Amino acid sequence: MIEIKFIPIDYDYFDFEGRNYARIIGRDDKGKRICIIDSVQPFLYAILKPGVNEKKIKELQEKIGKLSIKLPSRTTKVEKTLLEDKNFLGKQVKAIKIFITNYKDAHPIADLLDYEEIEARREYDLSFITKYIIERKLIPLSWYKISGELLTQELGIQNLDVDLAIKVEKIEKIPDLPFKPKILAFDIEADEFEIGKGEILMISLCSDNFKKVLTWKHCTKQDFVECFKNEEEMLEKFLDYVKKISPDILVGYFSDGFDLPYLRARAEKLGIKLALGLDNSQPTFARGRIPSGKIFGIIHIDLFRFIETVYSQYLQSETLGLNEVALELLGESKKEFDHKHSSKMEKEEWKEYFEYNLQDSLLTWKLAEKFLPDMLEFPQIIQEPLFDITRDSMSQLVESYIIHHLQEYNEVAEKRPLHDEIGERMGREKYTGAFVFQPQAALYENLAIFDFTSMYSSVIVTYNLSKTTFLEKKEPGSLEVDLEGEKVYFSKKPGFFPLLLKGIIELRKKYKQELKENPNPITKARSNAFKLIANAAYGYQGFFGARYYCVEAAASTAALARKSILDIIEKIKKQGYNVIYSDTDSIAFLLGNKTKTQTLDFLKKLNSQLPGIMELELEDFFKRGLWVTKRTGEFGAKKKYALITEQGKVKIRGFETVRRDWCQLARDLQNQVLQKILGEGNEKQALLILKKTIKDLKDRTINKEDILIRTQLKKLLSEYKAITPHVIAAQKMKELGMPIDIGMLVSFFIAEVRSEKEKKLVREKVKLPEEKGEYNIDYYLNHQILPAVENIFEVFNVNIKELISGIKQKKLDGF
DNA sequence: GACTTGGAGGTACC
DNA sequence: ACTGGTACCTCCAAGTC
């Protein structure tokens, strides 16, 4: 028997004599690499119909106990059954817990449970690792004292590159110890984008005090460059370095979709085994929307995927490419490098190429270090391994959090929806969502904005809305929600979903406070993780793929949120304020003759009247706020406004300034105009800026980057019904042999053409950035610049178009 | 051929 | 297919006169 302190990092399992064993790689407190082998007995539940008598249950247990499945490789039997009292979707039920030999046969065993007394079969669709973590409470990246038997060359650990292997007997939670995983970043360069088509020219590696570029193409005298005879030798050395550095995390950027599959494809072609795993196995690629490259014992992370789901909504970056993200988060860019085919590269260019390649790894490594607190925190909160956490969608994260907390409510897990069920759910009609107030276009002064904290989550908790509390029909004391005529009912008895969410909101509050008092990366990561889960819980209930899907709950959440905000709007009006705007959970109103103190007191009063955990807070006071009309019609536009605080902080929403599908010229101009108007309270200075921009445009002094329009390609070229300018741009790229991918941003500009009469459509004037041609002055004036500022000036009764043509007639300079 | 209108398409807000 | 609905705006496609 030996005893160690252990932190689990990577999980997988294997079969031995027909049974499943968890195999977990981690470290001990001395930094040694440890493998532990453990087992739990797989099981599923048969939930019984109400009122089945004891005798019947006994008989049923006996029948179930005899079930088995014979496969060529193994036989799975029901090994034991237990009768348990459980909760399931708001009901107390009797359930038979059915232990089986091999978890992989849980589904076929469930299919055999075709007995009249059984109402439902559940928990046959949870992964072995998930079940293992729940059963043994061995939470990823958390510390434990493990005792067990030392293993040498036995089951599941043959040729495993670890310092110690233990067959677990006892697991005990201990307080957290310091832990810093070793991170190795990598990046490859190739001439061809298509996976495996070209040669890998170079591979860069970056870790603590370690920077290398491996290449076989060209030998330079840069100290970080290591040269090899051929691609094979370079790949071998890459494997060597990974072994030697022995990282816990191997991180890349887009590496699930590019670097790792490319490495594997090239290795295969060259007859090399890409033995990255601790057991010398090659990476495997799990099927999915995007394949996930898994390396045994080392966590491969594609940082892009984690950032995309968890952080993109908080980033300013318009693309999530390494360059923009690194610039925003690290203040560093990629190296500038003019890509061309390697065969046409000069000596000096190779040097730059190597630096470029190294910089990519360096940025990836720095980003990974930056996100390390989050990467350590999320797996502990969600209770799934880091590998999965960094690839899960938002709904999966929410669902995993739920699944791992069901025990606290003695709840049996609901099943994943089946194919037909998903189809049905997707086909449903949309329900009514949020309320958006019809604003009046104007420049307002002295505003306050109130908003509900985590509004939808608060509504779910306050009114107990969920699949588990949804009632088929009205019951005494139940809550009735009117969904525009159709009535639905919810139990008042707290269900586990709202209770769980209540816990999340409380923790979110606690960690937000903790962050305020003690701001550091850990408290920030924790606070952010809970915020994300809380925010996604509402969408989860309306999501077709959710185990706890419930449109009635989702629609009721939106309906009650609407009711709440309309109620508050009325109260604010009644108090004598002028409400000017509201969207979903926020309300903007004019202070008028009231003071800030009065307004804050009023906020307190409003809060005291709110039900449950609903809470209204002050977002801020604002000096000025601008709302404009829609392009068509005289009404004020919703979801478009600009605000300035007394400290001069500007908040712009919805305007072209913040839209990436407008050219920089129009966006910059609009931004400056908004800033000036908000700062000064009138349009005079702003007009001068407009004048200058028009002059520059007509003088053709505008830079090309500023007139590029960037639009995302959302589907295959052939699937487009309407051939829009960006589709033409993509077609041109394709003809030039450039790679076309779904999701890519297509850049183009609108050029002058010989005959405007023959080429009337915008798409006929599209040119790629590298194509020769002058920008189309008329287009940029009338389709970019003017539309961007027209209705802003209209607020001041200044008609730009008249002004321009009027001035023209008077032959004044500038316009 | 000029003009209108609906909808496809993309992106933002919360 | 991988959280929800609401809203704006451009440009194409197809219809009307």
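We use all heavy atoms of the structure for the numbers below, so side chains are in, but hydrogens, waters and symmetry mates are not. In this text the structure is predicted, and so the values were computed from the model without any measurement. In what follows, every chain begins at residue 1, and chains take the letters A, B, ... in the order their sequences are listed.
- Not counting sequence neighbours, the partners of A:Ser527 by the side chain to side chain contact (heavy atoms under 4.5 Å, CB included) test are A:Arg508, A:Tyr511, A:Lys512, A:Leu515.
- Counting any heavy atom pair closer than 4.0 Å across all strands shown, A:Tyr720 reaches sugar-phosphate atoms only and no base atom.
- For the pair A:Lys732 and A:Phe748, the cation-pi test (distance below 6.0 Å, angle within 45°) is failed.
- For A:His726, no side-chain nitrogen or oxygen approaches OP1 or OP2 of B:dG9 to under 4.0 Å.
- Of the possible donor and acceptor atoms, none in the side chain of A:Asn799 sits under 3.5 Å from a partner among the backbone N and O of A:Glu794.
- Not one side-chain nitrogen or oxygen of A:His783 sits closer than 4.0 Å to the OP1 or OP2 atom of C:dT10.
- What you find for A:Leu447 and A:Gly625 is that their closest heavy atoms are CD1-N, 3.5 Å.
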For nucleotides 12-17 of chain C, tabulate all protein N/O to nucleotide N/O atom pairs closer than 3.5 Å, reporting atom names and distance.
unit_1	atom_1	unit_2	atom_2	d
C:dC12	OP1	A:Arg763	N	2.9
C:dC12	O3'	A:Arg763	NH1	3.4
C:dA13	OP1	A:Ile723	N	3.0
C:dA13	OP2	A:Arg763	NH1	2.8
C:dA13	OP2	A:Arg763	NH2	2.8

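- Out of C:dC8, B:dC14, C:dT10, the shortest distance to the side chain of A:Thr584 is found at B:dC14.
- Side-chain N or O atoms of A:Gln541 include one that pairs as donor or acceptor with a backbone N or O of A:Leu465 at under 3.5 Å.
- Residue A:Lys714 places none of its side-chain N or O atoms closer than 4.0 Å to OP1 or OP2 of B:dA8.
- Between C:dC8 and A:Lys640, no contact under 4.0 Å exists linking OP1 or OP2 to a side-chain N or O.
- Proximity of A:Arg660 to the phosphate of B:dT11: a side-chain N or O atom is located under 4.0 Å from OP1 or OP2.
- Across all strands, A:Gly545 comes closer than 4.0 Å to no nucleic acid atom at all (heavy-atom distances).
- Within the cation-pi definition used here (under 6.0 Å to the ring centroid, within 45° of the axis), A:Arg624 does not qualify as a partner of A:Phe622.
- Phosphate proximity of B:dC14 to A:Tyr641: present, with a side-chain N or O under 4.0 Å from OP1 or OP2.
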Taking only Watson-Crick and G-U wobble pairs with both distances under 3.5 Å, what dot-bracket line describes DNA chain B, where [ ] shows pairs that cross earlier ones and | shows pairs with another strand?
-> ||||||||||||||
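- Atom pair A:Ile728:CD1 and B:dG10:P shows a separation of 14 Å (rounding to whole Å applied).
- Contacts of residues 423-440 of chain A with DNA chain B (heavy atom under 4.0 Å): none.
- A salt bridge does not link A:Glu552 with A:Lys467: every distance from a Lys NZ or Arg NE/NH1/NH2 to an Asp or Glu carboxylate oxygen is 4.0 Å or more.
- What separates CZ of A:Arg631 from P of C:dC11 is a distance of 11 Å, to the nearest Å.
- Side chain of A:Asn607 to main chain of A:Leu616: a donor-acceptor pair is present (N/O by atom type, distance under 3.5 Å, no hydrogens or angles).
- With respect to the salt-bridge test (charged N to carboxylate O, under 4.0 angstrom), the residues A:Glu377 and A:Arg526 qualify.
- Protein atom CZ of A:Phe543 is 11 Å distant from nucleotide atom C1' of C:dG4, rounded to whole Å.
- The distance between atom CD1 of A:Ile449 and atom C1' of B:dC14, rounded to the nearest whole Å, is 13 Å.
- Within the structure, a side-chain polar atom (N or O) of A:Gln712 is placed less than 4.0 Å from OP1 or OP2 of B:dT11.
- A:Pro417 meets the side chain to side chain contact (heavy atoms under 4.5 Å, CB included) test with A:Glu421, A:Ile422, A:Arg425; sequence neighbours excluded.
- Using a cutoff of 4.0 Å between basic side-chain nitrogens and carboxylate oxygens, A:Lys651 and A:Glu619 are scored as salt-bridged.
- A search for side chain to side chain contact (heavy atoms under 4.5 Å, CB included) contacts involving A:Val762 returns A:Pro725, A:Ile750, A:Tyr779, not counting sequence neighbours.
- Atom CG in A:Asp661 sits about 10 Å away from atom P in C:dC11, given to the nearest Å.
- Between C:dA7 and A:Lys639, no contact under 4.0 Å exists linking OP1 or OP2 to a side-chain N or O.
- The distance from atom OH of A:Tyr548 to atom C1' of C:dT3 is 17 Å, rounded to the nearest whole Å.
- Among the atoms of the strands shown, only primed sugar atoms or phosphate atoms (P, OP1, OP2) are found under 4.0 Å from some heavy atom of A:Tyr779.
- No donor-acceptor pair under 3.5 Å is formed between the side chain of A:Asp706 and the backbone N or O of A:Leu665.
- Among the protein residues, A:Arg659 comes within range of the nucleic acid bases, having at least one heavy atom under 4.0 Å from a base atom.
- Comparing C:dG4, B:dG10, B:dC14 by their closest approach to the side chain of A:Thr711 singles out B:dG10.
- What separates CG of A:Asn535 from P of B:dC13 is a distance of 16 Å, to the nearest Å.
- Whole-Å rounding puts the A:Arg547 CZ to C:dT3 P distance at 16 Å.
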